[in-house]
Amino acid sequence: MYTVVDVTPDTPEWEEERRHSIGASEVGAAIGESHFGNTPFGLYLDKIGKGKRFDPLTSIIGHGAEPIIVELLQHLHPHLGEIEPGFMARSIEYPWLHASFDRILVEPSGIRVPLQLKSASAFTRQDWVEGPIADYVAQEDAECLIYGSPYAILAGLAEQDPWVRVIG
């Protein structure tokens with residue numbers, strides 16, 4: 001169970017809302033599994049407003065890639081179902097936990113699951129060779145907990161190489 005948090009991503013209101021709880025994308029840092037180098041202490045500093053600022057360029061690149069990944073997913077894997085817009089939600093059971101869902105996938109059976117969209121460069125592509133990165137798995141586990149989903153879909157693009165993984 002969750003409540004929808006009505007904020008626009010990457011705005012000051014969104015950043016302020018994120019300070020009040022741990023986001024699904026921050027769970028990896030909370031458990032010491034961030035491939036971005038963030039630590040539990042670094043996450044604490046972020047929450048009290050003393051950490052490093054959110055990089056707007058990273059956000060622009062990541063959000064800019066999402067429509068391309070969605071289009072590729074719909075073209076290469078139409079059998080997966082319909083893709084709906086994402087939103088921010090806070091867990092009712094665990095109010096210290098929230099998620100900003102990239103999209104929601106509605107499978108032909110009617111099952112609705114979180115769809116996380118990732119992009120990778122030639123420099124980070126090798127991180128995916130053995131499967132999904134640990135902090136992305138933690139992120140998807142948290143999204144499933146918040147959304148009440150039995151699993152999630154992780155889809156991404158590394159240059160022209162799209163991929164899809166089921167997490168759960």
Side-chain angles (χ1 to χ4, degrees), residues 1-7 9-10 14 17-18 20-36 38 40 43 58-59 61-121 124-168:
M1 287 297 277
Y2 59 86
T3 58
V4 174
V5 180
D6 189 21
V7 292
D10 305 327
W14 177 80
E17 185 61 39
R18 287 177 55 91
H20 298 293
S21 57
I22 295 175
S25 64
E26 298 168 319
V27 170
I31 64 173
E33 286 291 338
S34 173
H35 79 281
F36 293 109
N38 202 0
L43 178 59
T58 300
S59 178
I61 293 168
H63 289 302
E66 287 180 6
I68 298 166
I69 299 167
V70 166
E71 187 173 342
L72 282 168
L73 195 59
Q74 290 172 322
H75 178 73
L76 298 172
H77 302 284
H79 60 280
L80 291 176
E82 297 297 316
I83 299 173
E84 295 182 349
F87 57 92
M88 181 185 258
R90 182 175 310 286
S91 171
I92 292 173
E93 187 174 0
Y94 307 101
W96 48 266
L97 185 62
H98 76 268
S100 294
F101 301 106
D102 288 339
R103 305 288 192 280
I104 300 298
L105 179 69
V106 183
E107 296 182 344
S109 66
I111 294 175
R112 302 169 64 83
V113 298
L115 172 61
Q116 188 59 230
L117 306 171
K118 299 294 183 190
S119 58
S121 71
T124 60
R125 190 178 177 155
Q126 72 281 356
D127 296 342
W128 295 88
V129 171
E130 295 180 18
I133 298 169
D135 57 338
Y136 291 162
V137 173
Q139 177 180 1
E140 289 310 292
D141 286 345
E143 287 189 358
C144 288
L145 179 67
I146 294 165
Y147 196 73
S149 176
Y151 57 90
I153 303 291
L154 180 62
L157 178 65
E159 295 148 357
Q160 287 84 29
D161 182 22
W163 43 263
V164 175
R165 306 276 195 275
V166 175
I167 307 291

ring-ring contact (aromatic ring centres under 6.0 Å, His included) partners for H79, two or more places apart: H77

F36: partners by ring-ring contact (aromatic ring centres under 6.0 Å, His included), with sequence neighbours left out: none

S25: partners by side chain to side chain donor-acceptor pair (under 3.5 Å), with sequence neighbours left out: none

Minimal non-hydrogen separation, S21 against P95, with atom names: CB-O, 3.9 Å

For A65, all residues meeting side-chain contact (heavy atoms from CB on, under 4.5 Å), sequence neighbours excluded: I69, S119

Nearest-0.5 Å distance, CD of residue Q139 to CD of residue E33: 14.0 Å

Approximate separation, where rounding is to 0.5 Å, of Q74 CD and L80 CG: 10.0 Å

Side-chain donor or acceptor of N38 paired with backbone N/O of A29 under 3.5 Å: no

Pairwise distance CD(E143) to CG(L154) - rounded to 0.5 angstrom: 9.0 Å

Spacing of L115 atom CG and I104 atom CD1 [to the nearest 0.5 Å]: 8.0 Å

Contacts of type side chain to side chain donor-acceptor pair (under 3.5 Å), residue E140, not counting sequence neighbours: none

side-chain contact (heavy atoms from CB on, under 4.5 Å) partners of L145, counting only residues at least two apart: Y94, L97

Test side chain to side chain contact (heavy atoms under 4.5 Å, CB included) applied to R103 and V113, V70, I153, the passing residue: V70

Check: V5 and H98 side chains under 4.5 Å, non-hydrogen atoms: no

Heavy-atom closest pair, residues A30 and P40: O-CG, 3.6 Å

Aromatic ring pairing Y136/H35, orientation class (parallel under 30°, perpendicular over 60°, tilted between): perpendicular

For A138, all residues meeting side-chain contact (heavy atoms from CB on, under 4.5 Å), sequence neighbours excluded: V27, I31

Partners passing side chain to side chain donor-acceptor pair (under 3.5 Å) against E107 (at least two apart in sequence or in another chain): Y151

Test side-chain contact (heavy atoms from CB on, under 4.5 Å) applied to V137 - qualifying residues, sequence neighbours left out: P132, D141, I167

Nearest heavy-atom neighbours spanning M88 and S100: CE-OG, 3.4 Å

Nearest heavy-atom neighbours spanning D135 and S34: OD2-CA, 3.6 Å

From E93 atom CD to Y2 atom OH, the distance as rounded to the nearest 0.5 Å: 15.0 Å

Where at least one partner belongs to residues 67-88, residue pairs that pass salt bridge (Lys or Arg N to Asp or Glu O under 4.0 Å), sequence neighbours excluded: E84-R112

